[in-house]
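First the structure, in the form of structure tokens, and then the observations on it.
Chain letters run A, B, ... following the sequence lines, proteins first and then strands; every chain starts at 1. Computed from a predicted structure; not experimentally measured.
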There are 2 protein chains.
Amino acid sequence: MAVYTEVTDEALRSFLAAYPLGDLIAFRGIAEGVENSNYALKTRAGDFILTLYEKRVDPAELPWFLGLMEHLAARGLRCPQPVQARDGVALRELAGRPAAICTFLPGVWPRRIRPEHGAPLGEALARLHAAGADFTAIRPNGLGPASWGPLLDRCRAGGDAVHPGLITELDRTLSGILAAWPAPGQLPAGQIHADLFPDNVFFLDGPDGKPAVSGLIDFYFACTDLLAYDIAVCLNAWCFETDGSFNVTRAHAVLAAYQRVRPLSAEERAALPVLCRGAAIRFLLTRLYDWMATPPGALVTRKDPLEYLAKLRFFAAAEGPRAIGL
Amino acid sequence: MAVYTEVTDEALRSFLAAYPLGDLIAFRGIAEGVENSNYALKTRAGDFILTLYEKRVDPAELPWFLGLMEHLAARGLRCPQPVQARDGVALRELAGRPAAICTFLPGVWPRRIRPEHGAPLGEALARLHAAGADFTAIRPNGLGPASWGPLLDRCRAGGDAVHPGLITELDRTLSGILAAWPAPGQLPAGQIHADLFPDNVFFLDGPDGKPAVSGLIDFYFACTDLLAYDIAVCLNAWCFETDGSFNVTRAHAVLAAYQRVRPLSAEERAALPVLCRGAAIRFLLTRLYDWMATPPGALVTRKDPLEYLAKLRFFAAAEGPRAIGL
């Protein structure tokens, strides 16, 4: 939940004056999104989301993110579409921060995952990958495999205080992951979301009464990386029960629906287990780092890194692609 | 900023089925309001606010709060209006909490107070008092003068660690306030908001380009108490600059606009200084208690109690009604 930067009404007024959106009707902080400040904005022209980009986002990368969202939306993907001001510029400044207005997406993110969410998620992810195929600008994954060793080093001093023996276990597991990681060019790459957790996927009931994806949001970890790694992130984020058990039926539903749009190659299928371990250690490491770095009393909810230790151990022990739903 | 209780989509769906509001379009947590969980709800019928009442609110008191809001809205005050389900009942249960849907109010609360906010605030407060005059159910002020001694006692052990000498100063000041407090029946009483801080007052530009109050929200501290005490709360909440100085021009604007609707009696004017000290110590004490009771790492932003020590000292030193804007 996040509103880090407050916006005075004068600043908001002069910011909005650049847009053809009509009079301001309402402006409320949204308790969602961890990285940036998000506001629900209502004007005569309708509902929008105003985002102020906070410190973790490099302003130099914002044109890539906004360009990707524009590209995906133009190809029919339901994602936030940056709104251009009268001068044609979407990325502006407000309250000393880079800021942009995007279109509002209907839908509700699922607080509790149900079996019916798996297939629409898998299909939406594959459609995202297809829609991004002709977006040619490259953004390397700053939280990809090359970053995990340095991240682990930064957690070395305090990690065992979070969980005894953690650092030794991660050292060993990370070596195994990196040794088995696909070589560059070995698997299809493209634009991936890289953070497609349940709170970034909106659903509405379709005509058949089943949940249908109404929008994907929060593209600020998106990057150019292995497409199948994006699937591995989803299996981590969507397919574990709250008791830590892996729901292989749901994983199968995600994978089967994905493959109806884009079938995985034999090499991708073979690599998926290590990609799942990689995704688990990526979220474990960033959560561990944040856990150790977040001062007590901070506004941000600290996410439990040990949830991902359990997921990492599951994927490390899983035998063969079938155990993970393939 | 507050979402304490998460709502699953199944629970939301069956909750909404009781209302004639049409299909669900969106549901987002709002980063505003400290006591309860608030969601922006959009359905085919329009925009609403769904509130889940958290632990601090006594469920037995909710009918009084909702009844007051209904009453005020029926008298033309712009405040959230509880929406009745098909069975005529507005107060229901969701995710194990009492819950209600209220109408959405347009407007933006002022992050920075400007001179033009004072008069519309004062007028809106007086209109609130007038609209509540024929709401006869009484709710005693649980955070009124009788509560301040016990609250101070609960802060006694740790208070001086927050600020050296604090408890001694508060003991002395509180004795003075209680000794000078108006006797029951001495001043006009009625339904007061009791928490009319800037984030509870929405503004939109009027036809003259000046800010006009578009709504008052968050009536969950409302109670039956001295009307002039509500003014004292506003002078505390609206009339200090961020550097701690008292903006007497703004206070005068609030008071003058209030009195154009409801002139203060000579006794109310004479009592206003001690009411201001009382309001200052009330917010000081609850903030101090929360400060000491909030565990590190909690989701809630702790509000600085010492801001109100400075305000208390200002009002204690202010000489006569003129010094506070009368």
Side-chain angles (χ1 to χ4, degrees), chain A residues 1-13 16 23-33 37-44 47 49 95 104-114 116-117 198-199 202-205 209 211 214-215 217 291 294-302, chain B residues 1-13 16 23-33 37-44 47 49 95 104-114 116-117 198-199 202-205 209 211 214-215 217 291 294-302:
Chain A
M1 42 185 62
V3 171
Y4 302 97
T5 302
E6 285 289 8
V7 179
T8 65
D9 18 335
E10 305 95 294
L12 178 62
R13 195 184 318 262
L16 289 178
D23 287 343
L24 173 64
I25 296 177
F27 182 65
R28 311 276 150 90
I30 298 181
E32 294 176 12
S37 295
N38 289 301
Y39 289 91
L41 169 71
K42 188 191 279 289
T43 76
R44 296 281 161 215
D47 288 295
I49 302 292
F104 175 91
L105 291 177
V108 181
W109 65 264
R111 273 70 176 175
R112 201 167 69 79
I113 316 302
R114 287 179 288 135
E116 310 89 274
H117 289 123
D199 56 344
F202 292 161
F203 290 87
L204 282 177
D205 285 349
S214 60
I217 65 163
W291 190 268
T294 305
L299 258 80
V300 177
T301 326
R302 302 192 298 179
Chain B
M1 43 186 66
V3 171
Y4 302 97
T5 302
E6 285 290 8
V7 179
T8 64
D9 17 337
E10 305 96 294
L12 178 62
R13 192 185 320 262
L16 288 178
D23 287 343
L24 174 65
I25 296 178
F27 182 66
R28 311 276 149 89
I30 299 181
E32 294 176 12
S37 296
N38 289 301
Y39 289 90
L41 169 71
K42 188 191 280 287
T43 76
R44 297 280 162 215
D47 288 295
I49 301 292
F104 175 91
L105 291 176
V108 181
W109 67 263
R111 272 71 176 174
R112 201 168 70 79
I113 317 301
R114 287 178 286 135
E116 309 91 274
H117 289 122
D199 55 346
F202 291 162
F203 289 87
L204 282 177
D205 284 350
S214 60
I217 64 162
W291 189 269
T294 305
L299 258 79
V300 177
T301 326
R302 302 191 299 178

Completion exercise
Of the listed Ala40(A), Ala11(A), Ala26(A), the one with the largest count of heavy-atom pairs under 4.5 Å with chain B is Ala26(A)

Problem - Value rounded to 0.5 Å, distance of CD1 in Ile25(A) from CZ in Phe104(B) - result: 8.0 Å

Completion exercise
One option among Pro211(A), Pro110(A), Gly107(A), Ser214(A) has the most heavy-atom pairs under 4.5 Å with chain B, and it is Gly107(A)

Exercise for the section: May I have the step-by-step check of side-chain contact (heavy atoms from CB on, under 4.5 Å) for Val108(A) and Arg28(B), ending in yes or no? Expected result: CA-CA 7 Å; Val108(A) 181; Arg28(B) 311 276 149 89; over 6 Å; no

Completion exercise
Those residues at least two apart in sequence (or on a different chain) that pass side-chain hydrogen bond (donor to acceptor under 3.5 Å, both in side chains) with Arg111(B) are Glu6(A), Glu32(B)

Problem - Which residues share a side-chain hydrogen bond (donor to acceptor under 3.5 Å, both in side chains) with Arg114(A), sequence neighbours left out - result: Glu116(A), Asp9(B)

Problem - Side chain / backbone / both / neither for Asp23(A) at chain B, heavy atoms under 4.5 Å - result: neither

Problem - Interface moiety of Phe203(A) toward chain B, non-hydrogen atoms closer than 4.5 Å - result: neither

Handout entry: Contact origin within Leu24(A) toward chain B - heavy atom pairs under 4.5 Å
Key = both

